[in-house]
Peer 1: 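Just dropping this structure here.
Convention: sequence-line order gives letters A, B, ...; per-chain numbering from 1.
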Amino acid sequence: MTVPVPHRVVRSTAETSDTTTVLLEPEGPGLAPFRPGQFAMMYAFGRGEAPISVSGWEPPGAGGSCGRLVHTVRAVGAVSAALRGLRPGDRVGVRGPYGTGWDLAAAEGCDVLVVAGGLGLAPLRPLVAELVDGPGRFGSCSVLVGARTPADLLYRGTLRTWAASPRVAVATTVDRPGPGWTGDVGVVTALLDRVAFHPPGTAAFVCGPEVMMRATARELVHRGVPAQRIQLSLERTMHCGTGHCGHCQLGPVLLCRDGPVVGWDRAERLLTVREL
Amino acid sequence: MTGTAARTLGLLTDGLDGRLSVPPHEVAFPAGARIFDEGRPADRFWILLTGRVALDIEVPGGPPPVVETLGPGDLLGWSWFFPPHVWHLGAVSVDATRVLEYDAVAVRSLCEQDPALGYRVARAVGAVVGERLKATRIRLLDLYGPRVAGGLGTVGP
């Protein structure tokens, strides 16, 4: 699918001062079903397109299509600012699904670590939903979330719901606490000491700022988690979404087509080349 | 407890136990108890068994902001190992916390007498300081670097 499909905004929820979650409903046949970790090209009419991770969906529409889509958008430029400003009733174009998505099947039988920094929780949210709903397929499941401040934590209600599940351990930390914050303060990798997992039998899913992902992956490898079982969601400027324009090239990888989810065994070398 | 904390605990305590005239002993702090103040003599150190401890720093005109929290398996305090042996941060228990308390003066003395033990303890304390320095640098980048938070939608237009 390379033509934007019109969608109407059903709901718009402010997550933080600069980040909003929108629920989109197709104005006709919906897109093909998304998998956790995939993304869509969202078109703000008159402004342009931006790649946005799918952070959830509602029950499939007719004919096996995807139905309603959930996207969380942070305003960092003109297009994303327009998308973040969407209100119920507004229209937007959506292309997708694009990208590789998280390989959750590779984690079956393993302890699972989900490590998110900032907006990195958005593409991980549907993955955690599958973990919560998949009893017996995985060992221990832990979700570790870091944010700049308590006000920057996404999906606080969802985090509370996950924390109440006996299947998932949730830990959060912030860089800069505010008044009333009684949670952890520090970098998200420090939370690795707060949860139980057996490193050689662990699969990890990591998304956040690149520095945080590198630090997390290195720490996990240092503890004995196999590099090929650490998946990261990488980010470069995407334009076409279909692997043709080359804007998102990272060495031999076109991230819109071969990513955004890439194994650490492949990503490590690419992320240490300064010119890429 | 896994990983770095467990390794630190092992490195630090192996060789110490049984050689101290006052053996390490368990101490409990209720939630909100101040364990030490910035600028005071660093004559003890602790390894957390349960609970959490917040490290804070004095600032003028307000309550001391928390700069880091520690959890089970973490070493509480490293200023005792390096001159001038005074705390450069304060510490308050966040939850009801149990710790293993060591006499830092006695450990320093043992390290002076037994360089092999001193080297072992120095490696353990150095590893903790190094880990916290790395963590601090990552946090500095997160707080003061470009507003790139990961997840598609934060790079580009």
Peer 1: Determine which residues belonging to residues 76-87 of chain B lie within contact range of chain A, meaning some heavy atom pair is under 4.5 Å apart, and list them by number or answer 'none'.
Peer 2: none
Peer 1: Is it the case that atom CD in Glu112(B) sees more than 12 heavy atoms from other parts of the structure closer than 6.0 Å?
Peer 2: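 Check fails, neighbour count at 12 or below.
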Peer 1: Above 12 or not: heavy atoms from other molecules or residues under 6.0 Å from CZ of Arg40(B)?
Peer 2: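 At most 12 heavy atoms, drawn from other residues, nucleotides or ligands, come within 6.0 Å of this atom.
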Peer 1: Are there over 12 heavy-atom neighbours, none belonging to Phe45(A), within less than 6.0 Å of that residue's CZ?
Peer 2: yes
Peer 1: CZ of Arg108(B): more than 12 outside heavy atoms within 6.0 angstrom?
Peer 2: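 Enclosed: over 12 neighbouring heavy atoms sit under 6.0 Å from CZ of Arg108(B).
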Peer 1: Is any side-chain heavy atom of Arg52(B) closer than 4.5 Å to a side-chain heavy atom of Arg194(A)?
Peer 2: yes
Peer 1: So which heavy atom on Arg139(B) is nearest to which on Val185(A), and how close?
Peer 2: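 The answer is NH2-CG1, 3.5 Å.
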Peer 1: Calculate, to the nearest 0.5 Å, the distance between atoms CD1 and CE belonging to Ile138(B) and Met212(A) respectively.
Peer 2: 9.5 Å
Peer 1: Identify the residues of residues 55-71 of chain B whose heavy atoms come closer than 4.5 Å to a heavy atom of chain A, ordered by number, or report 'none'.
Peer 2: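 The list, in residue order, reads Val66(B), Val67(B), Glu68(B), Thr69(B), Leu70(B), Gly71(B).
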Peer 1: How far does NZ of Lys134(B) sit from OG1 of Thr189(A), to the nearest 0.5 angstrom?
Peer 2: 8.0 Å
